[in-house]
There are 2 protein chains.
Amino acid sequence: MGRVTTTRGNPGGPRPRRTAPARRHGGDAPAPVSQRREHLVRLAADLFAEKGFQATTVRNIAQEAGILSGSLYHHFDSKESIVDEILTGYLDEVMPAYRKVVAERGNPRATVEGLVRAAFASLAPHRAAVTVLQNDWSYLQGMDRFAYLADAEREAERMWVGAIKAGQAEGLFRTDIDPGLTYRMIRDTIRLAVRWAGPGGRLDTGALADHYVKVMFDGVNAH
Amino acid sequence: MGRVTTTRGNPGGPRPRRTAPARRHGGDAPAPVSQRREHLVRLAADLFAEKGFQATTVRNIAQEAGILSGSLYHHFDSKESIVDEILTGYLDEVMPAYRKVVAERGNPRATVEGLVRAAFASLAPHRAAVTVLQNDWSYLQGMDRFAYLADAEREAERMWVGAIKAGQAEGLFRTDIDPGLTYRMIRDTIRLAVRWAGPGGRLDTGALADHYVKVMFDGVNAH
DNA sequence: GTCTATATTCAGATAGAC
DNA sequence: GTCTATCTGAATATAGAC
């Protein structure tokens, strides 16, 4: 609607020259097809995990790889397609893990514990995805391309809340807590763990899961 | 350093004319000094609470107020000074509340419960600050101007962890959980509640605090 | 597969007229 | 106190040389 199409405008201009592209191999194997691409995704993921998707620029990613930003577009359509790959990789792991736990049809306590452990287990290999889901959720929500995120979230909620309600029905869990509220508390706490289980890797997620299961089931009170 | 000073460049160009600045008074009192300013801060806060600080533009804020972005700079130095005001307002409320709870020197269980309730109570009036602290923490950390955030966080951690450790020493809390880890779990879960206690205001924070205290102390298991 | 060069758009911010 | 007009810088992305 009434777009102004001035043919002017050139911010940027001559950019500072870098010294050299810092090659990191001197005649390696030809690389199957997209080993280079996967490497770039991993570099991007590290940056996304540090500061989120929106806060990371394609120049950041390119610099990390020792190339210029324009060169990234030989490998990727767009910045969005990079994060798409990262998010899809996460969901392709965690959702089947959830479904497997539910399909085992153990008692609800075992199911909830299994879900907690599955969630924690997926944190370490997918820090970037989890960080992006926290930081940039509302941004991604606005895009048709990422509608699958909300779908997955709905399915996950059904599984968790179902297990909690079943546990209440069987008298395993107290009935004076709200299942939906409890699910969100649990989910959020696990996701946030990615921040301090962070790059330093000070805490392994197995130990975190143990800690969390203890507190969640029995509370902080001494018996 | 070799800046290109083309005299060109005019993104924006002729902007669509708005109909009128939507005045909301027709001869009110002269307004003490900065009633207008406070109003603008509140508008900005709503936007920050929705999508964070970095994701909100000064043009967003101005549009919400029915003025142009340049006009905002009559009231504020910069976008940062707006968020500074918001964050300061939050800390000026929550930190004294924490200190008061600790100063009462009740038993550690009462102290922890008091801290939880103080934290929840501060959510509703300061949604923007809490959202910004979550979304833009790493961005703000990099700036000297916001060093006071880390200071406050350190003081808060000392109070919480102190209460948890005291409770363990008195045999009130189980000793097989890590105080620092437990504090972060609690803190993060409370902060995240701001998202779904959100704009709809579906859940009042008093009820949330009740729910949370129950689960935290006694766990989800039935007795 | 990378670089050069640049288009395009949008961000925060400013000067001065009204 | 707001608007007009614009600057400056930075972001995503593209075209074509090498």
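Quick note: numbers below take in every heavy atom, side chains included, and nothing from hydrogens, waters or symmetry partners. So that the names make sense, note that chain A is the first sequence line, chain B the second, and so on, each numbered from 1.
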| message | Assess whether a salt bridge exists between B:Asp46 and B:Arg127, defined as any Lys/Arg side-chain N lying under 4.0 Å from an Asp/Glu carboxylate O. | response |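 No, B:Asp46 and B:Arg127 are not salt-bridged.
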Between [atom2] on [N] and [atom1] on [X], what's the gap in Å once rounded to a whole number?
X	N	atom1	atom2	value
B:Ile61	D:dT2	CD1	C1'	17 Å
B:Arg59	D:dA5	CZ	P	15 Å
A:Ile82	D:dA13	CD1	C1'	12 Å
A:Ile67	C:dA5	CD1	C1'	17 Å
A:Leu72	C:dC3	CG	C1'	13 Å
A:Lys51	D:dA11	NZ	C1'	13 Å
A:Tyr73	C:dT4	OH	C1'	16 Å
A:Asp77	D:dT14	CG	C1'	13 Å

| message | Does C:dT2 have its OP1 or OP2 closer than 4.0 Å to a side-chain nitrogen or oxygen of A:His75? | response |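 Yes, because at least one side-chain N or O of A:His75 sits under 4.0 Å from OP1 or OP2 of C:dT2.
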| message | With a 4.0 Å limit, can you tell me whether A:Ser71 has a side-chain N or O closer than that to the phosphate oxygens OP1/OP2 of C:dC3? | response |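 So the side chain of A:Ser71 is within the cut-off, an N or O lying under 4.0 Å from OP1 or OP2 of C:dC3.
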| request: Select one nucleotide: of C:dC3, D:dT4, C:dT2, the one nearest the side-chain heavy atoms of B:Leu68. | output: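 Nearest listed nucleotide: D:dT4.
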| said: On the side chain of B:Arg36, is there an atom forming a donor-acceptor pair with the base of D:dG1 - under 3.5 Å, no angle test? | reply: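 Not at all, since no donor on one side and acceptor on the other fall under 3.5 Å apart.
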| Sidechain-backbone polar pair: B:Gln54 side chain, A:Ala55 backbone, donor-acceptor under 3.5 Å |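 No, the answer is negative, given that no donor and acceptor are paired below the 3.5 Å cut-off.
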| Have B:Asp84 and B:Ser81 got a donor and an acceptor in their side chains that come within less than 3.5 Å? |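 Result is no, nothing qualifies.
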| task | Nearest-nucleotide wise, let me know which of B:Leu40 and A:Ser78 is further upstream toward the 5' end of DNA chain D. | result |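 Taking each residue's closest nucleotide, the earlier one in sequence belongs to B:Leu40.
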| request: Name all pairs fulfilling the ring pair (Phe, Tyr, Trp, His ring centres under 6.0 Å) condition that reach into residues 50-78 of chain B, sequence neighbours left out, sorted by first residue then second. | output: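 Checked against ring pair (Phe, Tyr, Trp, His ring centres under 6.0 Å) - neighbours excluded - the pairs reaching residues 50-78 of chain B are B:Phe48-B:Phe53.
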